[in-house]
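Structure record follows, encoded as structure tokens.
Fair warning: this is a prediction, and the values are worked out from it, not measured in the lab. When reading the values below, keep in mind they use all heavy atoms of this one structure, side chains included, and skip hydrogens, waters and symmetry mates. Sequence lines set the chain letters: A, B, ... in the order given, protein chains first and strands last, and positions in each chain run from 1.
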2 protein chains.
Amino acid sequence: MSTASGRRKVTIHDVARQAGVSITTVSHSLNGKGVVAEETRARVHEVATKLGYSADAIARGLRSSRLGVLGLVIRPLDSLDSYQPIGVDYFMRFAGAAAVEALDRGFGLMLVRDPTTHSVPAIALAVDGFIISDPIANDPVIDLLNRHGIPLVAVGRDIDRPEFTDWLGEDTSQDTRTVIEHLSAHGARSIALVRGTDANSWNADSESAYRHWAAECGQPAAVYLEDERSGEDGGRAVAELMLASPTGVPDAIYCLTGRHAAGLQKRLVEQGHRVPIDVMIVAGADSEQTRNATPPITSIDLTPESTAKAAVTQLLQLLSDTPTAEHVRPSITNILRIRESTARV
Amino acid sequence: MSTASGRRKVTIHDVARQAGVSITTVSHSLNGKGVVAEETRARVHEVATKLGYSADAIARGLRSSRLGVLGLVIRPLDSLDSYQPIGVDYFMRFAGAAAVEALDRGFGLMLVRDPTTHSVPAIALAVDGFIISDPIANDPVIDLLNRHGIPLVAVGRDIDRPEFTDWLGEDTSQDTRTVIEHLSAHGARSIALVRGTDANSWNADSESAYRHWAAECGQPAAVYLEDERSGEDGGRAVAELMLASPTGVPDAIYCLTGRHAAGLQKRLVEQGHRVPIDVMIVAGADSEQTRNATPPITSIDLTPESTAKAAVTQLLQLLSDTPTAEHVRPSITNILRIRESTARV
DNA sequence: ATGAAAGCGCTAACAG
DNA sequence: CTGTTAGCGCTTTCAT
């Protein structure tokens, strides 16, 4: 209906001419900035609508150096060769939710691959701010963005950059404690931890909370490291390690990565271990693989939707000049999805 | 190293001053446009590098109305409330692959939610082109983009818009035939089809190819419709329908949506039907749910990576002024992943 | 071979 | 209350 007769984009001048005012008045009317007579404002709005006018985001961005776009880098995906489908629905949910939240706030969300290793498309450095998910230790992406003066918030700490405080995230230590308590309450005697090799805070904080607990109750700590890229096979490899271990298979395992947990369980079951009777398993990240495993694996739902929402909110807060007195680190509540893999009676 | 001493962004003027030339020369040198003495060009490059200069994408975009960003709308996700995690890894792979491909070609990739139903962030209409995945019948998004003169390519046809030819996609009919042949070759006598309710070409073309085959071999067509949003429960509902049907459960089922297939199989198995002995099941879209089902479900791998790559390529082709003599519809080869659910001996 | 100057469409001082 | 004007950083004629 209405709008565009000619192909040419309708500009602020067109609206000004039609409404019989200056472009300034149009700008003010539409942005609610200056002081404009109500009547005039109404007329301008009317004309603008009729013409289907909407301010050119580029021109506006040039003026106000605000493009209206947020960049998103998901670091764990950068190590993958090609955004493979390996049980990474957490990130799909995260990216989708971030996009939705950004859109709702009038921003676009641009997915970007590690801007340090590839020639950076200029546009990547023109965004208003960045969200960087699961930064690695001393993350070079953070350096790059700092160098360009681009605001960013991280999801998860940069474990080697204590001075960097613009991050938010799940309370990984709390999650670890929750899992351990759950396992203990169901009769676990020895609990092992399986973590990934990426140098991010999820791995680091989980391990340290686990070791802390082990030390506290005099339990020997059993920590297995397995590359995130290895998928289910990696989980099976860890299972072999446990099977061959002199201390045998522990009677409870907290395995951070969902796909490791799935492979681990499969291998143990194949070898005659019963889940949850002989061994209980909990995954640190819920995914389809944990939900669909046999039996389904108790997992922590990382609630990427709320994390993404919080990240966008915090970034936008950072962008607005209103100086946030203090860092309100939104506490994100993850949920333990209890399933059959820990259903001891 | 090098670069940014002051906080301020380094502009073309800085480079010009440092190199002792005009901004014009800098622009020409860096873009290889005008005629510049080799010596000068070299010096400019040197200075630019030393200063860490890179042209502001926004300013450049304003001049050349080329922002360097592609928009991506995934229609099936718009109907979902919030990009839920329901076995949609196809789209994650698609979005990720599209982003990577775009980045490799010097473009950014912006995820956008249905720009017709929400207030359009101005930036959405400033992108250079759009990819719209699985448009619905007479898709209003296509209207909107056309109205704004924004180039687009669709992945999948708009089934009610025959005149629109800028689309590409898997050969859905071929996939259907492949599946039917596979099932027939394994002794299927009666094959049923389960499709979704979205008015997109995947559903439409699959059904029509199926009906065509049924008519050809005198088989009665059995088509079940189930809402895409219903997930595994929807699959179970279809199973109930089949169980209650006077003709009974068919001995082979082609179920487009992976999560329907998973639920369907679960319910049938619960009711004592053996897969693949009594009934074989094939899903039209591989996903974690089909891979992890018990037994694993034979599925078509939609190879979103190659589709995304082709979509980006075609859109960029469209954007370049080089008039493409003819529409080369890249044929995308989907792969039938054969698993236990059709492993009749 | 190089540079001056005119904008791209918009916002924000600053006048009137 | 409204309009004039000066750019934002860059590309691109058109002179020189």
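- Atom-to-atom distance recorded for A:His148:NE2 and A:Phe130:CZ is 10.0 Å, nearest 0.5 angstrom.
- At the heavy-atom level, A:Val35 lies under 4.0 Å from base atoms of the strands shown.
- Between the side chains of B:Thr24 and B:Ser27, no donor-acceptor pair is found at a separation under 3.5 Å.
- Screening residues 125-140 of chain B for salt bridge (Lys or Arg N to Asp or Glu O under 4.0 Å) gives B:Arg75-B:Asp139 as the qualifying pairs, with residues at least two apart or on separate chains.
- Rounded to an integer number of Å, the gap from B:Arg17 CZ to D:dG9 C1' is 13 Å.
- In terms of the side-chain contact (heavy atoms from CB on, under 4.5 Å) criterion, residue partners of B:Ala16 (sequence neighbours excluded) are, by chain and number, B:Ile23, B:Val26.
- Taking atom NE2 of residue A:His148 and atom C1' of nucleotide D:dG9, one finds them 16 Å apart after rounding to whole Å.
- Rounding to whole angstrom units, CG of residue A:Leu30 and C1' of C:dG9 are separated by 14 Å.
- In the set C:dT2, C:dG9, D:dG3, the nucleotide with an atom closest to the side chain of B:Thr25 is C:dT2.
- Within the 4.0 Å cut-off from OP1 or OP2 of C:dA4, not a single side-chain nitrogen or oxygen of B:Ser22 is found.
- Atom NE2 in B:His13 sits roughly 8 Å away from atom P in D:dC10 (whole-Å rounding).
- Note that NE2 of B:His45 is 12.5 Å distant from OG1 of B:Thr40, once rounded to the nearest 0.5 Å.
- Put simply, CG on B:Leu125 is 13 Å from P on C:dC10, counting in whole angstrom units.
- Look at CD1 on A:Ile58: it is 13 Å from P on D:dT11, rounded to the nearest Å.
- Projected onto DNA chain C by closest heavy-atom contact, B:Thr40 and B:Leu62 fall at different nucleotides, the more 5' of which corresponds to B:Thr40.
- Here the straight-line distance linking atom CZ of A:Phe94 with atom NZ of A:Lys309 works out to 13.5 Å at 0.5 Å rounding.
- Going from atom CG of B:Leu125 over to atom CG of A:Asp56 covers 10.0 Å, rounded to the nearest 0.5 Å.
- Between the C1' atom of D:dG9 and the CG atom of A:Leu67 lies a distance of 13 Å, rounded to the nearest Å.
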Nucleotide N/O of nucleotides 12-15 of chain D paired with protein N/O under 3.5 Å:
from: D:dT12; atom 1: OP2; to: B:Lys33; atom 2: NZ; distance (Å): 3.1
from: D:dT12; atom 1: O4; to: B:Thr24; atom 2: OG1; distance (Å): 3.2

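- Taking atom CD1 of A:Ile12 as the reference point, atom P of D:dT5 lies 17 Å away to the nearest angstrom.
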